[in-house]
Amino acid sequence: MRRGPGISGIQRKTDTQALFQQKGAEVAEAELAQIKEHMQVFRANLEEFARKYKKDINKNAEFRKHFQDMCARIGVDPLASNKGFWAEVLGVGDFYYELAVAIVEVCVRTRPRNGGLIEVGELRSYLERARGRASQPISTDDIERASKTLKVLGNGFQVITVGSQKMVQSVPCELNVDHTTVIVLAQARGWVTMSALERELRWGRDRTQSILNLLLHEGMVWVDDQSETGERQFWFPSLIGGSLADA
């Protein structure tokens, strides 16, 4: 008859496992401490880099984007607060908060024309005209970052991707996949029709009408009943440009 390991054997095995766990914890703690030390050194170097290239970060939009990406890799967010080191050295926080205020002004001013949906490139063009040539250049990345700071206002402001375009939505309307699909189809000409949606998407009349009704209600589309074909066309002012012409 084969004998079991016995109490002493079980105890030795338990002690060995405990020893392995202790050593493993010590190794993990040492590695974590080393990582934290590396991160502190990297953060210090990043701050020194920021001081050295302050002028480039503030004046060059592309350089500023790369700097923001570099910060994100180590968990540093210069936009987290408009106080402290980053605001003191760079004024980055102030720049984005001021840009966010300008974005709100444009979106509110143009909402009667575009229904609260404006393409980022068009928004950038208006902001540049309003800020003047002597101001800091801004990029689409700057607009996206500034728009994210507006989340405190609720779900009314957000950047959405529609097909190949990025747009700023400034109304608290929940656009689902169906709505964005319709906008994507309208990008080619700026408008769609009921029959085109039913044919291209193979939707039923009720589904198509429901989607268009919401977009109409929110003011994101305009209706043209005088088209050459005689069929009602649904125009998206946010896609055809010029929604800021008289703003």
Note to self: side-chain hydrogen bond (donor to acceptor under 3.5 Å, both in side chains) for E231 and S195? Distances and angles first, verdict last.
What the structure shows: CA-CA 9 Å; E231 182 177 8; S195 62; 2.7 Å; yes
Item checked: Flag side-chain contact, heavy atom, 4.5 Å: E198 against R205 -> yes
Check: Same cluster or not: are V108 and V159 linked, directly or through other Ile, Leu, Val, Met, Phe, Trp or Tyr residues, by side-chain heavy atoms under 4.5 angstrom apart?
Finding: yes
Please output the side-chain donor-acceptor pairs of residues 175-185 that fall under 3.5 Å, not counting sequence neighbours, one pair per line with the distance.
{"residue": "N176", "atom": "OD1", "partner": "D178", "partner atom": "N", "Å": "2.9"}
{"residue": "N176", "atom": "OD1", "partner": "H179", "partner atom": "N", "Å": "3.1"}
{"residue": "N176", "atom": "OD1", "partner": "H179", "partner atom": "ND1", "Å": "2.9"}
{"residue": "D178", "atom": "OD1", "partner": "R207", "partner atom": "NH2", "Å": "2.8"}
{"residue": "D178", "atom": "OD2", "partner": "R207", "partner atom": "NE", "Å": "3.1"}
{"residue": "D178", "atom": "OD2", "partner": "R207", "partner atom": "NH2", "Å": "3.3"}
{"residue": "H179", "atom": "ND1", "partner": "N176", "partner atom": "N", "Å": "3.0"}
{"residue": "T180", "atom": "OG1", "partner": "N176", "partner atom": "O", "Å": "3.4"}
{"residue": "T180", "atom": "OG1", "partner": "V177", "partner atom": "O", "Å": "3.0"}
{"residue": "T181", "atom": "OG1", "partner": "V177", "partner atom": "O", "Å": "2.7"}

Notebook entry, point to check: So do Q233 and V192 actually touch side chain to side chain, heavy atoms under 4.5 Å?
Noted result: no
Note to self: Looking at every heavy atom in both R189 and W235, which two are closest together, and how far apart are they?
What the structure shows: O-CZ3, 3.9 Å
Notebook entry, point to check: Can you find a heavy atom in the side chain of L212 that is under 4.5 Å from one in the side chain of V221?
Noted result: no
Next item on the list: Flag the pair E128 and R124 as a salt bridge only when some basic side-chain nitrogen lies within less than 4.0 angstrom of an acidic carboxylate oxygen.
Entry: yes
Item checked: E122 side, atom CD; T110 side, atom OG1 - distance, nearest 0.5 Å -> 7.5 Å
Next item on the list: Nearest 0.5 Å please: distance from the OG atom of S147 over to the CD1 atom of I103.
Entry: 3.5 Å
Item checked: Rounded distance [0.5 Å steps], CD1 in I211 versus CH2 in W203 -> 5.5 Å
Checklist line | Contact check, side chains of L99 and R145, non-hydrogen atoms, under 4.5 Å | finding: no
Checklist line | Any side-chain heavy-atom pair of Q187 and F236 under 4.5 Å | finding: no
Check: Counting only N and O atoms by type, is there a donor-acceptor contact under 3.5 Å from the side chain of D142 to the main-chain atoms of I138?
Finding: no
Check: Are M220 and V223 co-members of a hydrophobic cluster defined by side-chain heavy atoms under 4.5 Å apart?
Finding: yes
Checklist line | Audit row: L239, Q165, side-chain contact (heavy atoms from CB on, under 4.5 Å) steps and yes/no | finding: CA-CA 10 Å; L239 298 179; Q165 292 182 324; 3.3 Å; yes
Check: Does E119 come within less than 4.0 Å of K166, counting only side-chain N to carboxylate O?
Finding: no
Margin query: To the nearest 0.5 Å, what is the distance between CG on L216 and CD on E218?
Written below: 10.5 Å
Next item on the list: Please name the pair of heavy atoms, one in A146 and one in A100, separated by the smallest distance, quoted to 0.1 Å.
Entry: O-CB, 3.6 Å
Next item on the list: State the CZ-OG1 distance between R199 and T208, to the nearest 0.5 angstrom.
Entry: 11.5 Å
Margin query: I need the minimum non-hydrogen distance between R113 and W222, along with the two atoms involved.
Written below: O-CZ2, 2.9 Å
Next item on the list: Provide the closest heavy-atom pair for S238 versus L117 in the form atom of the first, atom of the second, distance.
Entry: CB-O, 2.7 Å
Notebook entry, point to check: Could you give the distance from OG (S170) to CZ (R109), rounded to the nearest 0.5 Å?
Noted result: 14.5 Å
